[in-house]
Amino acid sequence: MELRIPLTVITGSLGSGKTTLLRHILNSIPHKIAILMNEFGEIAIDSKVIQGKNVAMADLGGGCVCCSLLGEFEAAVDEIIETVNPDVIVVETTGVAEPDALVFDIQESLAKVRLDGVVTVVDADAMVRYPSVGHTTRMQIEAADTILLNKVDLVTEEQLQAIEAKLHSYNEVAEILHTQRCQVDLDLLFGIARERIQPEPHHVHQPEFDSFSYKTQATLKLECFEEFADKLIEKDVYRAKGFIKFVDQIYLFNFVAGRWELEPFEQDATELVFIGRQVSKHQEEIISQLKMCEQ
Ligand SMILES: Nc1nc2c(ncn2[C@@H]2O[C@H](COP(=O)(O)OP(=O)(O)OP(=O)(O)O)[C@@H](O)[C@H]2O)c(=O)[nH]1
């Protein structure tokens, strides 16, 4: 009998640390790994962050793999198995994905893989600053076999205990691991061999977020951009990410709920995605302010 390839689903809210976890996995895993990514927003940033690491990748485009892209997902899994024959497959879902339909599909429709486990990354900082847990985040927590309670550097021990109690109230069986930048022993992530069966879900997924993107060949002024980034939270941006060309070089920009950072990164030009509830209504204003930073 042919052995099924273990598949791990990584889920978690916008900006919680899923790509950070993938980068950690790629730096440490001794196996041949294939990654499937599903991003929210019309341009793919995460796959570019991961590319170049000698890994087989498939991009599932800018819809949600939890509903409209299921057919595409099945085809991508088959293709990646045929071309790469990986030891392990990892799927990173968008931050807005409800994983139940995907988990059901993996169990029911994919003959060549078996679901090893669902890993949910939880943003401890966001749990403190936005304590009311939304529907999607709750579903991600409920689906988890392992929860990475990430960004522990941004909260107190007392706050961590409170978050952990809340996570337990939604999911009694998942193991909860505290992490900073998703640094976790990979033996704890893989080989879970999940036994829970996902019943067929009947949800109608309605994304709570919208997004827009911006690309330019221009060089941006750093100081102007820093001021711009500091004000994004006032314009309903919850998450922004992408690459920015400054005079000295290109950086990876990551913004989550008002906190942001820049990391030197090899890329060609500026391209940014902005995500938030009703963020489109600020699109013109945000882009015109960004243009003012071009030189
Ligand atoms: N302070 C702190 N920042 C972190 C930690 N983990 C990740 N980050 C930062 O959080 C930001 C978002 O991380 P990503 O890994 O891109 O998040 P994501 O879940 O892939 O984001 P989406 O795919 O857009 O949903 C980046 O700036 C990371 O460097 C952590 O433990 N502590």
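We count ligands from 1, going down the list as the structure has it; atoms in each ligand are counted the same way.
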Cys182 near ligand 1 by a heavy-atom separation under 4.0 Å: no

Option of least heavy-atom distance to atom 2 (C) of ligand 1 (set: His178, Arg181, Arg259, Lys18): Arg181

Ligand-side contact atoms (ligand 1) for residue partner Gln180, heavy atom cut-off under 4.0 Å: 31 (O)

For atom 17 (O) of ligand 1, the protein heavy atom that lies nearest, with its residue and separation: Gly17 N, 3.2 Å

Which segment of Asp125 sits under 4.0 Å of ligand 1 when only heavy atoms are counted: neither

Heavy-atom nearest neighbour in the protein, as seen from atom 10 (O) of ligand 1, with distance rounded to 0.1 Å: Lys151 NZ, 3.4 Å

More than 12 heavy atoms from other groups under 6.0 Å of CD on Glu195: no

Gly12 near ligand 1 by a heavy-atom separation under 4.0 Å: no

Ligand 1 atoms in contact with Thr20 (distance to a heavy atom under 4.0 Å): 7 (C), 13 (O), 14 (P), 15 (O), 28 (C)

Aromatic ring proximity Tyr238/Phe274, centre distance under 6.0 Å: no

Nitrogen or oxygen atoms of Leu21 and ligand 1 under 3.5 Å apart: no

Part of Glu92 within contact of ligand 1 (heavy atoms, under 4.0 Å): side chain

Residue Gln183 excluded, over 12 heavy atoms near CD under 6.0 Å: yes

Ligand-side contact atoms (ligand 1) for residue partner Val256, heavy atom cut-off under 4.0 Å: 11 (C), 12 (C)

Gln159 side chain to Thr156 backbone, donor-acceptor under 3.5 Å: yes

Pair Phe225 and Phe246, ring centroids less than 6.0 Å apart: yes

Candidates Asp78, Asn38, Leu110 - the one meeting side chain to side chain contact (heavy atoms under 4.5 Å, CB included) with Phe73: Leu110

Top protein contact for atom 6 (N) of ligand 1, by heavy-atom distance: Asn150 ND2, 3.0 Å

For Leu154, the ligand 1 atoms whose distance to one of its heavy atoms is below 4.0 Å: 1 (N)

Atoms of ligand 1 close to Asp46 [distance to a heavy atom under 4.0 angstrom, numbered from 1]: 23 (O)

For Thr19, atoms of ligand 1 separated by under 4.0 Å from a heavy atom: 15 (O), 16 (O), 18 (P), 20 (O)

Candidate list Val152, Leu154, Thr20, test side chain to side chain contact (heavy atoms under 4.5 Å, CB included), partner Gln180, passing option: Val152

The one among Met37, Arg239, Lys241, His24 that brings a heavy atom closest to atom 16 (O) of ligand 1: Arg239

Side-chain donor-acceptor contact under 3.5 Å, Asp46 with Thr19: yes

For Asp153, atoms of ligand 1 separated by under 4.0 Å from a heavy atom: 1 (N), 2 (C), 30 (C), 31 (O), 32 (N)

Atom indices of ligand 1 within 4.0 angstrom of Leu14 heavy atoms, with elements: 25 (O)

Selection from Val121, Thr179, Asn254, Leu22 by shortest heavy-atom distance to atom 26 (C) of ligand 1: Asn254

For atom 12 (C) of ligand 1, the protein heavy atom that lies nearest, with its residue and separation: Gly15 O, 3.5 Å

Shortest non-hydrogen contact from Ala144 toward Ala174: O-CB, 3.5 Å

Tyr251 ring center within less than 6.0 Å of Phe243 ring center: no

Part of Glu261 with heavy atoms under 4.0 Å of ligand 1, whether side chain, backbone, both or neither: side chain

Member of Ile10, Leu21, Val122 meeting the side chain to side chain contact (heavy atoms under 4.5 Å, CB included) criterion with Leu148: Leu21

Modelled atom types, side-chain donor and acceptor of Arg239 and Asn254, under 3.5 Å: yes

Asp236 with Lys281: basic N within carboxylate O range, under 4.0 Å: yes

